[in-house]
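Along the sequence shown, residues are numbered consecutively beginning with 1. Values in this document were obtained by computation on a predicted structure and should not be read as measured data.
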Amino acid sequence: MGRKIPVRKHKGVNDPEKQRRVREAKVKNLINNPPATNDDNEPLPKSLQEIMRLRQLVKEGKFNNKKKRKPKKKKDVQLNVEGKPLLDSSSFIGPPDVKQPGMKRPEKPIPTIQQRPGERDRTFLHRVQQLCEDVMKEVKFEKKYKVDVVRNEETGQVETLKKKVKDDVDEMLKTEAKKARDAANPKKRKKSKKKQAEEAAAVAAKAEKLRKRKDRRKIKREKIKQKVLSKQEDKIGSVIRETVKFGEVADRPPEFKVKPRKAIADRNVANLMFNQMIINGKALEKEMKEKQQDNSKAGAKGKPLTKSSLKGKRKDLPVGQRRMLEEQQKSVIAAYRLMKAKKEKPKEKI
């Protein structure tokens, strides 16, 4: 069951005359000119007078219910490409100089833009969008640099920039808010001069300590650097790096006065094995030329070719080139066998 709603209890029937007297007594001193109770000269209401006038016109036959309408003046409406009337942004702008609650200065005049004859709706709306973006950028610029952009009312060009006047109420509210924040923040509370001087001295001592530490590190690095450079000078001589001037010309290759680690002590010592190979190579080359000439003569006379010259890719080569390759192969094999035989011989004691 729901809760019981208390109602006002009816205690008998009240006297209506008594109630009327109570109501009149309440408003007795509030009404300046109360209506008269017995006034026979009271004027008729205007609505009743109008009804009487209309009845008289009907009796006389002069009543005409049709009202004459005044002809509207036709305006020369220009149409766009699509056959519609030209658009105008002024029809969408509200009444000027309407101050909203909280406004501290009047609104800036809103620029109007009209559709040109022959201009499409899409092009016109694009121009409106560009104008709106320019207005928003201008408002941001004014807010950032605290200035007012003054434009010419006729042309719309920028004339001057005025510094925005500071509002005393806003400045006072900002200072009060800053004081409240500083009071709430223990780091920004006002300190005594003695405490401030102690903190400044502590900061200066800390900075001096850091500076001395940096100087010590710098001196240490310089010592290490000098030590490394001295070691390098001992190894490669006094010249560490050769500086080449601009426009300097080298007439010959450089001369290396320092020998490599694994170089032979005496550079004039001949490598017998290497020299012997060179001599044998020259002799083989001479023999190969003589045989080549003999083979070319024999081939001209119709000497048959060997089987090795007809193997692999050699069979597609000309006769003279095949013989030359065969002789080269034989000479290389002979040189290799000679080198192996010399390596296998025991070394003679000096």
Side-chain angles (χ1 to χ4, degrees), residues 102-108 129-151 157-265 267:
M103 289 178 62
K104 297 176 183 177
R105 57 176 182 168
E107 279 187 349
K108 293 186 71 174
Q129 178 68 20
Q130 291 294 116
L131 183 64
C132 293
E133 290 178 0
D134 293 342
V135 171
M136 288 191 289
K137 287 179 182 178
E138 185 177 318
V139 171
K140 288 180 181 178
F141 176 81
E142 290 178 348
K143 189 175 180 181
K144 183 177 179 181
Y145 297 102
K146 296 180 182 180
V147 293
D148 290 328
V149 180
V150 180
R151 290 181 176 272
Q157 298 294 328
V158 179
E159 291 183 347
T160 55
L161 294 175
K162 288 185 179 180
K163 195 173 183 180
K164 195 175 287 184
V165 180
K166 291 183 179 180
D167 193 358
D168 298 336
V169 178
D170 287 346
E171 294 295 325
M172 185 179 68
L173 291 173
K174 283 181 182 179
T175 52
E176 291 294 332
K178 189 177 181 181
K179 286 179 182 178
R181 287 196 303 270
D182 294 346
N185 192 356
K187 293 182 179 179
K188 292 187 178 181
R189 287 176 187 166
K190 286 188 176 180
K191 300 173 184 178
S192 62
K193 291 183 179 179
K194 186 178 179 181
K195 200 168 184 180
Q196 289 179 0
E198 289 177 358
E199 289 182 356
V203 171
K206 192 175 181 180
E208 184 67 20
K209 191 176 180 180
L210 289 173
R211 188 183 63 78
K212 288 181 179 179
R213 187 184 297 173
K214 286 182 180 178
D215 292 343
R216 287 197 299 269
R217 287 179 181 174
K218 190 175 181 181
I219 293 166
K220 192 174 181 180
R221 284 198 296 268
E222 287 293 332
K223 286 182 179 178
I224 293 168
K225 190 175 180 181
Q226 291 295 332
K227 194 175 181 180
V228 172
L229 290 175
S230 62
K231 286 183 180 179
Q232 289 180 356
E233 286 179 2
D234 294 340
K235 286 184 179 180
I236 62 174
S238 60
V239 180
I240 298 169
R241 183 179 177 183
E242 184 182 1
T243 55
V244 181
K245 296 181 180 180
F246 180 76
E248 188 175 352
V249 180
D251 297 329
R252 60 177 180 175
E255 294 180 1
F256 297 102
K257 297 179 181 179
V258 181
K259 296 180 181 180
R261 291 180 182 177
K262 296 182 180 181
I264 302 168
R267 298 182 66 181

Residues in salt bridge (charged side-chain N to carboxylate O under 4.0 Å, His left out) contact with Glu171, at least two apart in sequence or another chain: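 For Glu171, no residue satisfies salt bridge (charged side-chain N to carboxylate O under 4.0 Å, His left out) once neighbours in sequence are set aside.
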With Arg211 via salt bridge (charged side-chain N to carboxylate O under 4.0 Å, His left out) - residues at least two apart: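 Only Glu208, Asp215 meet the salt bridge (charged side-chain N to carboxylate O under 4.0 Å, His left out) criterion with Arg211.
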Heavy-atom check, side chain of Thr175 versus side chain of Leu173, under 4.5 Å: no
side-chain contact (heavy atoms from CB on, under 4.5 Å) partners for Arg213, two or more places apart: Lys209, Leu210, Arg216, Arg217
From CD (Gln157) to CD (Glu159), nearest 0.5 Å: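 That separation rounds to 9.5 Å.
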Straight-line distance of Asp134 CG to Glu138 CD, nearest 0.5 Å: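 Answer for the CG-CD pair, Asp134 versus Glu138, is 8.5 Å.
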Enclosure of Lys174 NZ (heavy-atom neighbours >12, cutoff 6.0 Å): no
Using residues 142-150 as the side-chain source, report each donor-acceptor pair under 3.5 Å to any protein atom, sequence neighbours left out, with the distance given to one decimal.
residue	atom	partner	partner atom	Å
Glu142	OE2	Lys108	NZ	2.7
Glu142	OE2	Val149	N	2.9
Asp148	OD1	Arg105	NH1	3.2

Partner residues of Glu133 under the side chain to side chain donor-acceptor pair (under 3.5 Å) criterion, sequence neighbours left out: Gln129
